[in-house]
Amino acid sequence: MRVDGRDVVATPGISVAAALLAAGIVVLRRSPAGDTPRGAFCLMGVCQECTVLIEGRAERACMIAVRDGIAVSLRGPHAE
Amino acid sequence: MTNADRFDCAVIGAGVMGASVALPLARAGMRVALVDRGPICREASGVNAGTLTMQMTRAALIPYALKAWELWMDTPRWLGLSVGAEQRDGLSVAFTEAEVAILEARAAARRAAGAPITLVDGARAREIEPGLSERALRVGHCPVDGFASAYLTGRAFRVALEGAGVALREGVAVTGVERVRGGWQVRVADGEPLMATRVVLAGGVWLEDMAGWFGIRLPIKVLINQLAVTERMPPVMQSVLGIASGLLSLKQYPNGTVLIGGGWQGRGGRHDGRGDAFVPEALIGNIRLAAFVLPALRRARIVRAWLGLEAETADALPVLGPLPGVEDGWIIGSVHSGYTSGPFMGALLADAILGRPLALPLFPIDRLLAQKDAA
Amino acid sequence: MKVDLAVLGAGPAGANAALAAAGHGLSVAVIDENAAAGGQVWRAPAPSVTRDDADARDGAALREKLRISTVEHLDSATAWLIARDDAWRVDVARHGRSETVTADALVIATGAHERVMPFPGWTLPGVIGLAAATILLKANGVLPGQRTVVAGCGPLLSLVAASILKAGGTVAAVVDLASRAEWLGALPALAARPDLLARGALWRARIAAARVPVFHRHTVIRAEGTERLGAVRLGRVDAEGRLVPGAPEVAIAADALAIGHGLVPDTAATRLLRLRHRYDAASGWVAARDGTLAGSVARLWLAGEVGGIGGAAVAALQGRLAGLAAAQALGRSAAAAEAAQLQAGIARAGRAAAAMSWMMRPRPAMAGGITPETIVCRCEDVPRAAIEAAIAAGARDLNQVKQWTRCGMGPCQGRMCGEAAASLLAPHVGGRENVAPWTGRPPLRPVSADDLLGDFDYADIPIPAPAPP
């Protein structure tokens with residue numbers, strides 16, 4: 001995976017959220033209202049806490065599978 | 001105060017109109033009951049787009065809307081709480097020559113009525129709103145514009161009403177009104193009737209049913225407005241955006257959510273609960289229009305959409321005045337852009353009820369009944 | 001796409017409904033957000049994960065049946081709007097665009113999600129749900145952390161702790177709201193499911209062998225840390241879930257906390273359709289259905305947890321039953337004998353499920369114990385104090401609480417905070433049964449504007465006639 005331009009080794013086919021956790025990356029975003037750190041929480045697509053920018057789209061990291069070179073940005077789901 | 005006591009005035013319908021009548025009456029010393037079958041401001045007054053714009057307000061209403069606009073911007077003073085009102089530049093955009101013609105005609109009429117609207121070209125409009133589409137041909141600009149957070153309306157009014165001693169009866173459905181000695185008996189479902197000297201009908205889209213209690217046939221058309229809101233986003237706009245034909249209202253709240261409205265129609269009616277039948281094509285069309293006007297919206301995620309009922313009379317002008325032939329009976333409903341003008345219209349009707357001089361004329365409903373007879 | 005039957009959800013209930021209906025000749029589309037069918041319990045493992053437990057086998061068998069069936073499986077698809085005209089209409093965002101599925105009959109099998117009662121620090125990265133932990137472990141082969149505290153209530157506690165140990169991880173503690181006696185009391189109801197009993201015993205043996213400290217009648221007082229979880233603080237509670245005053249607190253260093261307090265039926269779709277709902281002491285507000293699983297409007301069936309928490313086994317049987325009912329309603333001859341058999345099976349499996357559902361219930365005093373500054377609505381960072389202020393200002397239903405505080409207005413659409421907010425309102429209106437759930441609104445999930453819009457020019461926008469001048 002490419003995470004904010006950095007290479008991160010990940011197992012293909014697991015979720016991006018799981019891969020980030022396995023790589024020790026647990027803080028995925030900050031809450032828009034209170035600006036507090038957030039990480040994956042429900043892992044089943046419900047809570048939206050793991051929403052990050054994946055290949056330029058706001059996506060739940062728990063619902064997208066890792067594939068070779070997939071680009072992930074943790075600068076917020078609406079970052080340019 | 002119990003229902004057995006006689007109120008000086010019973011206001012039926014606790015939306016912006018009813019609350020805006022009840023409050024000055026109570027402050028003038030009347031004992032007022034404000035009755036609603038649901039919670040305060042939970043229908044149109046709580047779910048509308050909160051637009052405080054002149055460019056979508058009918059020319060005949062501009063003087064009223066200008067006065068109400070001042071009131072909305074100043075609710076902490078007269079209600080005690082903010083409704084999140086913000087002044088913003090208002091832009092009404094034309095993309096086609098046909099829309100330019102509509103824009104010019106409407107801007108001229110509204111300007112004549114007192115709204116400070118000027119027409120600018122696309123380049124100037126993009127200085128005001130950098131995110132605006134490059135396709136804008138001509139744009140109406142009005143500095144008297146802005147928005148409130150409609151969903152805070154009930155909370156703010158409630159504080160003021162209770163402070164003024166209004167007996168707020170939420171969850172009390174009125175089933176009819178009858179003349180009794182020296183006043184009115186207001187019948188309610190599951191409870192003791194209320195006695196009041198005067199009665200004010202303020203039931204929004206349900207005004208047609210309410211007028212029927214008095215044998216008055218007042219046709220009220222029901223609009224089923226679809227609205228949608230995005231999740232919080234970084235700033236993508238700072239103005240209130242519309243299009244010349246009036247079919248868009250777009251604004252970003254300070255919390256980052258972008259509200260997309262404009263009166264695209266769902267299906268249903270006033271007897272279908274909240275008329276929750278969405279027309280998907282209309283929802284998509286509305287969002288397409290929003291994203292055309294403000295391309296940054298393509299990246300947005302829509303988190304919620306809902307329907308708000310809006311009333312409209314045959315001439316799309318308010319009902320505001322006495323109930324014809326009914327002593328101590330009054331009616332209020334702005335019936336188009338009602339939220340924008342509401343606080344002033346309510347105060348105006350309160351002045352009429354109190355026999356005070358009126359700052360602007362009422363909109364008596366006789367014209368609407370006469371039309372029906374002619375038809 | 002036009003089909004006889006549309007099914008929302010490809011978990012045990014939805015997939016079985018689709019298979020049963022297709023088996024009786026209906027054309028069927030099943031719509032699900034995940035890349036593979038199976039729902040949560042039977043979730044498909046990633047290719048890198050090798051598993052051979054019962055749930056994995058059941059899930060694999062289900063996916064194989066679907067693969068060779070005539071069922072059209074719309075995977076990775078977000079149903080964002082359901083409407084009813086002459087037929088059902090489901091609008092689906094998939095692969096960057098929106099498409100429409102029309103169907104004569106509809107089965108809603110949207111399952112359940114986890115309930116986590118709020119506590120200070122529960123928004124810290126490193127805190128996850130119990131079901132979330134099972135997904136990490138069983139579908140992804142990833143440990144929640146280096147040292148994990150497993151907390152909450154119900155059978156997932158042992159499952160998660162044992163799975164962490166089996167995967168080579170460390171469980172710092174198991175923190176259970178229930179006492180040992182409550183667990184023993186639940187055993188007789190499980191007699192009909194010796195498979196569950198055996199699995200539970202195996203998990204507990206593994207936990208005991210690893211000498212994991214188990215705290216019964218304890219709860220998490222708070223999760224501590226600044227940018228991420230560093231420690232978990234525990235306290236003793238009574239049977240109602242109330243902290244015992246003066247009891248010593250225990251601090252445990254951990255970088256992960258898996259915590260859950262049962263399951264909540266996902267009724268977003270049934271609320272959107274304004275179906276009749278009812279309050280059930282074990283499952284909360286659920287969509288009402290009759291013995292044939294028919295909902296409160298015609299040509300609609302409700303299978304699985306959306307109508308009451310019952311577990312995967314019950315959901316699978318209900319799915320088949322709903323699929324048969326749909327086939328019959330559309331004029332296919334479905335064997336009445338099979339329906340009767342399914343109903344008997346549901347009743348049998350339901351007893352064990354009810355016992356587990358009871359063990360998973362949040363305890364009655366938990367909501368009252370939420371501290372004023374604790375965030376209740378994660379999306380909008382709304383603390384309990386703001387909700388109490390709205391109630392004090394006169395809010396008497398959940399929609400008003402939402403309007404006045406923004407609790408439930410964020411992208412999870414009230415799924416994470418709804419239970420806690422309702423529990424906070426309950427004492428002011430005479431109980432949970434008087435707190436109707438939020439009014440259902442589309443989209444059923446946040447949906448990207450890009451997916452809805454497609455390529456278009458101004459002339460392609462069907463702008464209605466102008467408003468009055």
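We name chains A, B, ... by the order of the sequence lines, and we start the count at 1 in each one. For clarity, every value in this text was computed on a predicted model and none was experimentally measured.
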Fill in: C:Thr123, part contacting chain A, at a heavy-atom distance under 4.5 Å
both

Fill in: Results of salt bridge (Lys or Arg N to Asp or Glu O under 4.0 Å) for A:Arg57 - residues two or more places apart only
A:Glu59, C:Asp451

Discussion item. Under a 4.5 Å cutoff for heavy-atom pairs, which residue among A:Gly45, A:Ala58, A:Cys47 has the most contacts with chain C?
Written reply: A:Cys47

Item to complete: Find the one option among C:Glu114, C:Glu33, C:Glu380 whose heavy-atom pairs under 4.5 Å with chain A are most numerous.
Response: C:Glu33

Worksheet, complete the sentence: Separation between CZ (A:Phe41) and CG (C:Leu124), nearest 0.5 Å, reads 11.0 Å

Fill in: Pick from C:Gln146, C:Gln40, C:Arg415 with the largest number of heavy-atom pairs that fall under 4.5 Å of chain A
C:Gln40

Discussion item. Quick check: closest heavy atoms across C:Ala46 and A:Gly13, and the distance to 0.1 Å?
Written reply: CB-O, 3.5 Å

Discussion item. Taking 4.5 Å as the heavy-atom cut-off, does anything in residues 126-136 of chain C contact chain A, and if so which residues?
Written reply: C:Val127, C:Ile128, C:Gly129, C:Ala131, C:Ala132, C:Ile135, C:Leu136

Worksheet item: So which bits of residues 27-40 of chain A come within less than 4.5 Å of chain C, counting non-hydrogen atoms only?
Response: A:Val27, A:Arg30, A:Ser31, A:Pro32, A:Ala33, A:Gly34, A:Asp35, A:Thr36, A:Pro37, A:Arg38, A:Gly39, A:Ala40

Worksheet item: Should we count CG of A:Asp7 as having more than 12 external heavy atoms under 6.0 Å?
Response: yes

Fill in: side chain to side chain contact (heavy atoms under 4.5 Å, CB included) between A:Gln48 and C:Arg445, worked out
CA-CA 10 Å; A:Gln48 309 281 328; C:Arg445 289 266 194 261; 4.1 Å; yes

Fill in: Nearest-0.5 Å distance that lies between atom OG in C:Ser76 and atom CE in A:Met63
7.5 Å

Discussion item. Looking at every non-hydrogen atom in both residues, tell me the closest pair between C:Arg43 and A:Leu43 and how far apart they are.
Written reply: NH2-O, 4.3 Å

Practice prompt. Only counting residues at least two apart or in another chain, list the ones meeting side-chain hydrogen bond (donor to acceptor under 3.5 Å, both in side chains) with C:Trp404.
Written response: none

Item to complete: Using a cut-off of under 4.5 Å on heavy-atom pairs, state which of A:Ala17, A:Pro12, A:Ala18 scores highest against chain C.
Response: A:Ala18

Discussion item. For C:Pro144, which atoms come within 4.5 Å of any heavy atom of chain A: side chain, backbone, both, or neither?
Written reply: backbone

Worksheet item: Side chain, backbone, both or neither: which part of C:Val116 has a heavy atom under 4.5 Å from chain A?
Response: side chain

Worksheet item: Is the shortest heavy-atom distance from the side chain of C:Pro411 to the side chain of A:Thr51 under 4.5 Å?
Response: no

Worksheet, complete the sentence: Here the pair of heavy atoms bringing A:Ser15 nearest to C:Asn140 is N-OD1, 2.9 Å

Worksheet item: Is it the side chain or the backbone of A:Met44 that comes within 4.5 Å of chain C heavy atoms, both, or neither?
Response: both

